[in-house]
Each structure stands twice: as C-alpha cells, then as structure tokens.
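Take a look at the structure set out below.
Every heavy atom of this structure was used, including side-chain atoms; hydrogens, water molecules and symmetry mates were not.
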Amino acid sequence: MPAEEGTAIMVKLDDLLRDRRMTLTELAERVGLTLANLSILKTGKAKAIRFSTLEAICRELDCQPGDLLAYRQD
C-alpha cells in the first residue's frame, strides 16, 4: 500500500488511556515524551516508534505491544 493511502497499522492509545483513566499529558510525563510527539502517535500520524518508547508506554499502561497496535487488512 503506498504511504499516501495511509497505514494498515492502527494505534489504540485512546482506548488504553480511557480504560486506565489516564490523560495523554500524564502518560507523556511518565514516559518522558513531549505531548506533541505522543499526540502524533495517538492520532496514527507517526511513521515509526522506537522500541524504547513502546516499552515505556507498555510499562506505564501495563499492557503488551499487541494491546497498543493493531493491523487492519484492507
């Protein structure tokens, strides 16, 4: 799929934050990311994620990478 058509990887950060009653700002502070960068990830506009970032998010949200990311087949 060409990049301009979007990505098949979905980020389910909104769901996890809602389930844990945590704000994006609080998560950003806990993982040491800027709110802007975390927002880019949350909206699905990120092109990549470092494993260290993924690890920190999973640690703070007590989840697995598969809880955060999903593959959507078109």
Review point. Residues two or more places apart in sequence or in another chain: which of them pass side chain to side chain donor-acceptor pair (under 3.5 Å) with Thr34?
Key: Asn37
Review point. Cluster question for you: counting only ILVMFWY and a side-chain heavy-atom cut-off of under 4.5 Å, with indirect links fine, are Leu27 and Leu33 together?
Key: yes
Check your understanding: Is Leu17 close to Leu61 at the side-chain level, that is, under 4.5 Å between some pair of heavy atoms?
Key -> yes
Practice item. Output all residues satisfying side-chain contact (heavy atoms from CB on, under 4.5 Å) with Leu68, sequence neighbours left out; order by chain, then residue number. Key: Val11, Leu13, Leu16, Leu54, Ile57
Point to revise | Listed partners of Arg18 passing salt bridge (Lys or Arg N to Asp or Glu O under 4.0 Å), at least two apart | key: Asp15
Exercise for review: Evaluate the side-chain proximity of Val31 to Thr53: yes if any heavy-atom separation is below 4.5 Å, no if none is.
Suggested key: no
**Study point:** Residues in salt bridge (Lys or Arg N to Asp or Glu O under 4.0 Å) contact with Asp67, at least two apart in sequence or another chain
**Key:** none
Exercise for review: For residues Arg20 and Asp62, report the shortest heavy-atom separation together with the two atoms involved.
Suggested key: NH2-O, 3.3 Å
Check your understanding: How far apart are the closest heavy atoms of Cys58 and Pro65, and which atoms are they?
Key -> SG-N, 3.6 Å
Review point. Would a distance-only check, ignoring hydrogens and angles, find a side-chain to backbone donor-acceptor pair under 3.5 Å from Ser39 to Leu35?
Key: no
Review point. Nearest heavy-atom pair of Lys12 and Gly66: which atoms, and what distance?
Key: NZ-O, 3.6 Å
**Study point:** Leu41 to Ala46 - nearest heavy-atom pair and separation
**Key:** CA-CB, 3.9 Å
Review point. Could you state the interatomic distance from CG (Leu69) to CD1 (Ile9), rounded to the nearest 0.5 Å?
Key: 6.5 Å
Check your understanding: Does Glu26 have any side chain to side chain donor-acceptor pair (under 3.5 Å) partners at least two apart in sequence or in another chain, and if so, which?
Key -> Arg30
Point to revise | side-chain contact (heavy atoms from CB on, under 4.5 Å) involving Asp19 - partner list, sequence neighbours excluded | key: none
